[in-house]
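Reviewing the structure listed below.
Naming convention: chains lettered A, B, ... in sequence-line order (proteins, then strands); numbering from 1 in each chain.
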Amino acid sequence: MPKVKPRVKSVKDLAELRKRLRSSAKNFKSKLTICGGTGCHASRSQDVIDAVKKELKKRKLEKSVRVRVTGCHGFCEQGPLMILEPGNIFYCGLKPEDAGEIIAETILKGEVIERLLYTDPVTSNKVQTEAEIPFYRAQDRQLLAQNRHVDPCSIEDYIAIGGYSALAKTLAEFSPEKVIEEVKISGLRGRGGGGFPTARKWAECRSAPGEEKYVICNADEGDPGAYMDRSILEGNPHLVIEGMMIGAWAIGARQGYVYVRNEYPLAVKHARIAIQQAREYGLLGDDILGGGFSFDMEICRGGGAFVCGESTALMASLEGKVGEPRPKDVHTVTDGLWHKPTTLNNVETWANVSPIISNGAAWFAGKGTRGSKGTKIFALTGRVKNTGLVEVAMGTPLRTIVFDIGGGAINGRAVKAVQTGGPSGGCLPLDRLDLPVDFDALYDAGSMVGSGGIVVMDEKTCMVDVAKYFLAFLQDESCGKCVPCRLGIDRMLEIVTDITEGRGRPEQIDLLKELADTVASASLCGLGKTAPNPVLSTLRYFPEEYEAHINEKRCPAGVCRELIEYEIDAEKCNGCGACRRACPHDAIKGKKKEAHVINSRKCQKCGICLSGCKFDSIIVT
Amino acid sequence: MKKYVTLKIDGAGIRAPKGSSVLDVAIEYGICIPHLCHVPNLSDIGACRLCIVENIVNGRSKITTSCTLDVQEGMVILSNTERIKKLRRNIAELLVAQAPNSRAIQDVAVRCRVKEVRYPFRNSGCVLCGRCVRVCEEMWQARAIGFVGRGKDRRVDFPFGVRPDFCKKCGSCIDLCPMTITPCDGPMKPGEEYLCGKCESQLSMASGAMEDICVWCELGKGFQCARYGHQ
């Protein structure tokens with residue numbers, strides 16, 4: 001690679017650069033792709049990477065084996081992950097100690113190491129390639145699949161796989177109107193949660209009066225358990241940048257901002273490097289690719305509040321003010337950042353733009369349902385076997401995601417409910433899992449696609465407690481500006497807390513519903529408008545749990561502390577004493593080899609004894 | 001030259017200057033929409049949400065605050081439907097449960113027809129309407145006070161909790177504070193968790209006679225209704 005990077009001045013330059021990059025990639029005999037996404041990072045993938053590099057250096061193989069550290073591959077449950085080429089061999093659950101063996105056996109001799117392969121849980125067979133793993137088989141990975149071919153810190157990788165060709169195509173062939181038309185035909189809807197038609201937003205922004213316009217990428221992902229945007233921005237930042245450039249060309253903007261959550265340091269770093277590299281190549285700046293289009297962008301780190309993901313709050317935060325939403329009676333497409341017309345889209349929406357341009361609108365519209373096109377990335381978490389990132393075509397039933405891809409609930413328990421759409425989404429019961437993931441279908445069922453979090457809950461989950469958890473989260477994150485959101489959520493939480501602690505009264509259910517309606521209808525911004533969803537959906541699908549808490553002062557799932565008792569089944573207990581030793585409150589008494597007893601007055605119901613007992617003798621009533 | 005638009009509020013055809021808000025226009029024409037955080041000549045933030053109205057766009061009703069909504073040609077506004085009345089009552093109930101001793105809040109609650117409060121009372125000294133913050137910033141350009149914290153921790157305070165030199169103790173903030181306007185003389189003590197009923201607002205509530213249309217009510221004077229500000 002030359003030290004001084006050539007400026008890409010025209011579409012021809014770009015094509016030549018790509019050709020050169022591709023031929024230089026052939027110098028490597030084999031390739032090692034190691035996942036460096038946040039999930040694998042947490043399972044010590046950095047140690048694996050270091051060990052592999054050290055081993056290669058020792059054997060003097062650095063020149064012939066390329067090690068590529070990429071963004072998230074999605075299967076975070078099994079990390080750290082590695083893919084070896086040639087052969088497309090997929091190794092998972094790696095440890096630094098495996099590095100030597102992998103180089104010696106697989107790289108040098110071409111032999112597959114059986115114990116590092118993935119085991120199919122159904123057939124117990126060892127599986128060699130990614131495509132054979134059930135987790136990947138049911139997916140349709142359009143955006144995520146690119147992650148494995150790209151080192152996020154290398155623009156060369158991105159250009160080599162065809163990056164920035166959509167931009168070149170746009171500048172050379174498409175007028176701004178044609179781009180908007182193309183996006184309109186594709187049927188792309190905003191992936192941040194609202195599902196607003198992207199083309200309509202762009203068209204409104206384009207026709208809004210004013211010379212100066214802005215594009216913003218919303219990467220302030222705050223939902224508990226969701227990390228779709230993080231994985232794209234960390235793993236493939238140029239895809240987002242390219243999408244934003246095409247969007248900027250369409251609406252007539254010269255400046256863009258990426259508003260990244262401050263808690264995503266790796267995403268901030270990678271996006272920053274990507275912008276720097278694009279500038280060096282002349283892909284950002286004046287007269288891009290000789291097409292007379294000038295555009296530049298900046299990174300802005302988020303304010304650390306969930307509400308900063310709301311468009312007007314985000315813009316206020318970007319302007320340097322307190323991240324509080326303001327009324328949207330005039331839309332941000334005409335009165336946005338610094339009172340200029342502004343188009344704000346989510347990371348995933350921007351990431352979808354360049355594939356639409358390169359593959360054509362019909363390709364994108366060919367996937368999904370009538371109202372929701374394309375694919376959507378979901379973060380599958382909770383009590384499910386295969387947690388990770390899942391990308392499926394819109395319209396895939398929730399059941400497929402939870403059972404075929406997710407593998408069902410852990411510990412052999414039954415799935416009870418699935419919560420979609422983040423904290424302001426809804427909980428759907430098992431019999432609603434045949435619903436397709438589609439903006440309208442989920443909305444009608446009292447939930448939403450939202451940004452794409454899916455939390456699986458098993459039978460040991462109390463739905464009233466779930467409602468309480470999300471209300472507490474939203475109450476913490478409400479900015480407190482408007483009355484319904486600040487006081488309404490607070491009062492809802494007060495009532496739900498009463499119910500979980502045994503002070504619930506039957507008439508409070510109606511009050512809760514009325515309050516939920518008020519908060520949803522009268523709040524200032526989206527946070528308040530959707531905040532009652534967890535309560536409303538659990539009330540709708542699990543009314544019997546609320547009734548049990550209120551009328552019988554009983555928690556059917558055995559979760560709500562005030563309503564449960566811990567007891568020891570004297571027949572099953574063999575007096576091993578594990579629970580007695582584990583109990584931090586000294587509440588368990590008993591002699592060796594005799595049944596133990598829990599002193600209910602001392603018991604703090606922490607549940608530590610449960611994990612200590614190997615004989616299932618502790619019962620929660 | 002002033003430009004005018006025509007719109008309908010509760011069925012009445014109204015000609016209003018372009019750029020004015022629906023709330024201002026409604027009050028001008030005698031349609032009293034209850035409000036708390038709106039003060040004439042200060043910017044509107046739509047925080048108290050009491051002035052919500054239904055804005056009918058293409059046959060679909062959209063609920064929004066009238067103070068932040070600018071008049072537009074051909075607009076159809078409904079300020080007093082059953083739905084709006086119910087929402088407004090619930091919001092006022094939340095407010096009065098938070099500050100049951102404020103005469104001004106009680107008056108607003110009565111205007112919104114709150115007859116009972118279904119939540120435990122909290123004797124909070126501030127309902128975060130932001131009148132004080134805005135008058136300090138916009139009228140006097142002092143910014144001596146502002147909002148601190150978020151959600152439940154949100155409060156009005158001096159920068160870093162210390163009164164700055166540029167606060168001239170002009171008292172405008174106190175003048176506009178709904179908690180200081182004729183405070184209730186029967187402060188709530190523990191165990192006395194009910195609206196004390198000593199204010200005249202409670203008397204009118206008992207009689208049940210409250211017009212939907214503004215009659216320059218004495219109640220409005222109590223919480224410095226925008227209409228009195230126009231005099």
Side-chain angles (χ1 to χ4, degrees), chain A residues 303-308 312-313 316 321-330 335 471-495 498 503 505 507-508 510-525 527-529 531, chain B residues 21-22 36-37 43-55 57 61-72 75 83-84 86-99 105 108 117-120 122 124 127-130 133 146-155:
Chain A
F306 180 68
V307 75
C308 283
T312 55
K321 298 178 189 146
V322 178
E324 270 172 19
R326 59 176 165 80
K328 266 202 274 193
D329 294 312
V330 182
D335 180 13
L471 279 176
F473 176 85
L474 290 163
Q475 187 216 26
D476 266 357
E477 293 296 342
S478 160
C479 75
K481 183 174 180 177
C482 75
V483 172
C485 180
R486 182 182 71 238
L487 299 180
I489 297 178
D490 194 17
R491 293 296 185 177
M492 281 202 282
L493 180 61
E494 191 175 79
I495 295 169
D498 275 355
R503 294 185 300 272
R505 283 170 279 123
E507 68 270 18
Q508 280 183 320
D510 286 333
L511 180 57
L512 201 54
K513 281 182 186 159
E514 205 178 318
L515 203 47
D517 175 47
T518 307
V519 176
S521 317
S523 287
L524 173 65
C525 81
L527 190 147
K529 283 190 174 128
Chain B
S21 77
V22 171
L36 179 67
C37 68
S43 67
D44 284 307
I45 52 170
C48 73
R49 315 302 288 172
L50 284 169
C51 68
I52 44 170
V53 290
E54 281 188 57
N55 179 14
V57 184
S61 143
K62 211 180 137 198
I63 293 171
T64 174
T65 42
S66 55
C67 67
T68 58
L69 187 66
D70 283 355
V71 288
Q72 270 163 34
M75 215 174 201
R83 172 134 184 81
I84 289 291
K86 189 180 168 195
L87 290 175
R88 213 179 263 156
R89 197 184 68 226
N90 284 341
I91 297 168
E93 187 183 346
L94 285 168
L95 272 170
V96 79
Q98 198 72 10
I105 305 287
V108 172
V117 180
R118 292 165 290 181
Y119 315 107
R122 292 169 184 163
S124 161
V127 288
L128 299 167
C129 63
V133 173
F147 286 114
V148 179
R150 98 180 161 221
K152 254 188 121 174
D153 301 327
R154 187 180 169 96
R155 63 182 198 281

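With B:R118 contributing its side chain and A:L511 its backbone, the two residues share no donor-acceptor pair below 3.5 Å. When atom types are taken as modelled, the side chain of B:R49 and the backbone of A:V483 share no donor-acceptor pair closer than 3.5 angstrom.
With a threshold of 4.5 angstrom between heavy atoms, A:R491 approaches chain B through side-chain atoms but not through N, CA, C or O. Of the two parts of B:R155, neither the backbone nor the side chain holds a non-hydrogen atom closer than 4.5 Å to a non-hydrogen atom of chain A.
Comparing A:Q475, A:E514, A:Q508 by how many heavy-atom pairs each has under 4.5 Å with chain B, the most go to A:E514. In terms of non-hydrogen atom pairs under 4.5 Å with chain A, the most contact-rich of B:N55, B:L69, B:I52, B:L50 is B:L69. Contact count versus chain B (heavy atoms, under 4.5 Å) is highest, among A:L515, A:V322, A:V519, for A:L515. Note: B:C48 leads B:G130, B:C48, B:C129 in heavy-atom pairs under 4.5 Å with chain A.
Expressed to the nearest 0.5 Å, how far CD of B:E54 lies from OG of A:S521 amounts to 9.5 Å. Between atom NZ of residue A:K328 and atom OG1 of residue B:T64 there is a gap of 11.5 Å, rounded to the nearest 0.5 Å. One finds the NZ atom of B:K86 at 7.0 Å from the OG1 atom of A:T518 (value rounded to the nearest 0.5 Å). Distance check: A:C485 SG to B:L94 CG gives 11.5 Å after rounding to the nearest 0.5 Å.
Here the side chains of A:K529 and B:I63 are not in contact, with every heavy-atom distance at 4.5 Å or above.
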Distance-only check: which donor-acceptor pairs under 3.5 Å involve side-chain atoms of residues 146-153 of chain B, not counting sequence neighbours?
from, atom 1, to, atom 2, distance (Å)
B:R150, NE, A:D476, O, 3.3
B:R150, NH2, A:E477, OE1, 3.1
B:R150, NH2, A:E477, OE2, 3.4

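Applying the salt bridge (charged side-chain N to carboxylate O under 4.0 Å, His left out) test to every pair with at least one member in residues 515-525 of chain A, sequence neighbours left out, gives these pairs: A:D517-B:R83.
Salt bridge B:D44/A:R326: absent, no basic N to carboxylate O contact under 4.0 Å.
Residue A:D490 comes nearest to B:R122 through the heavy atom pair OD2-NH1, 2.8 Å, listed as atom of the first residue, atom of the second, then distance. Among all heavy-atom pairs drawn from B:G46 and A:C482, the shortest one is O-CB, 4.4 Å.
None of A:V330, A:L524, A:D329 except one satisfies the side-chain contact (heavy atoms from CB on, under 4.5 Å) rule with B:T68; the exception is A:D329.
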